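Since the model is a prediction, treat every value here as computed from it, not as a measurement. In listed order, ligands and their atoms are each counted from 1.
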Amino acid sequence: MSIPAESLSPEDALAALAWQIEIGADEAILDAAVNRYEPPAAAPGQTAAPVAVPVAVPVAVPAAARPDAEAEAERLALAAPDLDALRAAIEGFDGCALKRGARNTVFADGAPGARVMIVGEAPDRDEDLQGRPFVGRSGQLLDRMFAAIGLRRGAGDPAQGLYVTSAVPWRPPQNRAPTDEELAAVLPFLRRHIALAAPEVLVVMGALPARAVLQTATGLARLRGQWQQALGLPVLPMIHPEKLLREPSRKRLAWADLLTLKDRLT
Ligand code: URA
């Protein structure tokens, strides 16, 4: 049964919208709203067909990194003298198709100048809505994990601070994995981000940032908890908190990795 839009109270309309978002219909497909209640114009001499109201099915934004996108990203990234300029350069960059389906650019959170910088994978729904990395369930777990070794995003003292970003600044549609082209197009920004934030150590959370930063095909299962060297920094690969939420038995490994990090910082 369909309810005419004009008979909904504002509260019911909001609840209906929240439900659409809850079931995953949270992507705008076209630039302009379509009036699906308007009958199609009848051809001359014909009567109009009955109107079937189509179901809105979210579609994936096709990966369409231009061949020159990486070079453009490199040029913009290297021209950014500080983090604010880098954020503006990323926000103005149109060489990665993911941006078109995202609500916000997710740049960073926490204390620039912190000893530890965390690189995650890609924004999820909550991060996309708020424009900040790791604010959903996996972000809450991440905060609890690092608080257990005395590190916090909000810490006034950089020695106890965390600086957090994501390898990819835009949410992929339906949270699919970013394609290699999409990742390649934003990698120059990530490298510059790390150089400008100048942490003492880098933690790469999950397989995607491990691959992006370490440029290796070795899987995370073998890399996690082992110090690596990349971009002139010690790099510790860890299991992504999202994976820990799905497989809590791995929290034991994550705790061992946190202690490895703590040892390095003392
Ligand atoms: N997972 C990530 O890797 N990054 C985010 O910002 C959110 C979830």
**OP:** Tell me, please: is M205 in heavy-atom contact with ligand 1, that is, under 4.0 Å?
**Re:** no

**OP:** Starting from atom 1 (N) of ligand 1, locate the nearest protein heavy atom and write down its residue, its atom name and how far away it is, to 0.1 Å.
**Re:** H240 NE2, 3.2 Å

Original post:
For R246, does the CZ atom have more than 12 heavy-atom neighbours from other residues, nucleotides or ligands under 6.0 Å away?
Top reply: yes

Original post:
What do you reckon, does S166 put a non-hydrogen atom under 4.0 Å from ligand 1?
Top reply: yes

Original post:
L259, M145: one ILVMFWY side-chain cluster at the under-4.5 Å cut-off?
Top reply: yes

Original post:
Which atom pair, heavy atoms only, marks the closest approach of M117 to A197?
Top reply: SD-CB, 3.8 Å

**OP:** Identify, for atom 3 (O) of ligand 1, the protein heavy atom at the shortest distance, and state residue, atom and that distance.
**Re:** E121 N, 2.5 Å

Original post:
For ligand 1, is there an atom lying under 4.0 Å from some heavy atom of R132?
Top reply: no

Original post:
Are any of the N or O atoms of F134 closer than 3.5 Å to those of ligand 1?
Top reply: yes

Original post:
Looking only at atom types and distance, does a side-chain atom of R153 sit under 3.5 Å from a main-chain N or O of V164, one as donor and one as acceptor?
Top reply: no

Original post:
ligand 1 versus A167, non-hydrogen atoms closer than 4.0 Å: side chain, backbone, both, neither?
Top reply: neither

Subject >> Least distance between heavy atoms, L220 atom then M238 atom >> reply: CD2-O, 3.6 Å

Original post:
Going by the order shown, which atoms of ligand 1 are within less than 4.0 Å of some heavy atom of P133?
Top reply: 6 (O)

Original post:
When rounded to the nearest 0.5 angstrom, what is the spacing between CG in D143 and CG in L162?
Top reply: 7.5 Å

Original post:
Got a sec: does the CZ of R137 have more than 12 other heavy atoms crowding it under 6.0 Å?
Top reply: no

Original post:
Short list, please: which atoms of ligand 1 are under 4.0 Å from a heavy atom of G120?
Top reply: 3 (O)

